[in-house]
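Below is one structure, written out as structure tokens, with a few remarks after it.
Along the sequence shown, the residues carry numbers beginning at 1.
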Amino acid sequence: MLVKPIDAETREAALQLSGPLIVSRGRVHHLGGLPGFCSVSDGRVEAAVYYCCEDGACEIVSRG
């Protein structure tokens with residue numbers, strides 16, 4: 001298993017795990033535009049986590 005930043009190669013597969021939108025703390029997040037990390041095993045994205053950093057704070061907004 002390899003853990004790496006979500007990039008152009010893995011983004012679509014990562015979005016399939018959790019969908020394109022998530023609501024967290026009353027705010028809609030478009031996951032396609034957020035940074036994140038994914039785990040890849042045998043060429044397949046197995047899990048993903050997205051985060052949002054603003055105003056000196058970082059929040060995990062979704063995982064799949």
Side-chain angles (χ1 to χ4, degrees):
M1 172 177 50
L2 170 69
V3 175
K4 64 183 233 164
I6 294 172
D7 58 16
E9 180 183 319
T10 56
R11 185 159 302 273
E12 189 60 37
L15 286 171
Q16 296 299 316
L17 298 173
S18 57
L21 300 174
I22 191 83
V23 177
S24 174
R25 297 182 175 207
R27 193 167 156 213
V28 176
H29 295 275
H30 298 269
L31 299 181
L34 289 179
F37 292 91
C38 63
S39 66
V40 179
S41 180
D42 295 324
R44 282 189 44 196
V45 174
E46 301 288 337
V49 63
Y50 297 88
Y51 61 92
C52 179
C53 295
E54 291 180 343
D55 301 325
C58 186
E59 175 186 6
I60 302 295
V61 296
S62 178
R63 61 180 177 79

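- By the 4.5 Å side-chain criterion applied to Ile, Leu, Val, Met, Phe, Trp and Tyr, V45 is assigned to a cluster that also includes L17, V40.
- By the side-chain contact (heavy atoms from CB on, under 4.5 Å) test, S18 pairs with L31, Y50, S62, sequence neighbours left out.
- Residues satisfying the side-chain contact (heavy atoms from CB on, under 4.5 Å) criterion with E46, sequence neighbours excluded, are S39, S41, R44.
- Cluster partners of L21 are V23, V28, counting Ile, Leu, Val, Met, Phe, Trp and Tyr whose side-chain heavy atoms approach within less than 4.5 Å, directly or via other members.
- For E59, the salt bridge (Lys or Arg N to Asp or Glu O under 4.0 Å) test picks out R25, with sequence neighbours left out.
- In this structure the side chain of R11 reaches within 4.5 angstrom of the side chain of L15, judged on heavy atoms.
- Contact record, Y51 with C58: CD1-SG, 3.8 Å, taken as the closest heavy-atom pair.
- Nearest heavy-atom pair across V61 and I22 is O-CG1, 3.5 Å.
- For E9, there are no side-chain hydrogen bond (donor to acceptor under 3.5 Å, both in side chains) partners at least two apart in sequence or on another chain.
- No continuous path of ILVMFWY side-chain contacts below 4.5 Å connects F37 to I6, so the two sit in separate hydrophobic clusters.
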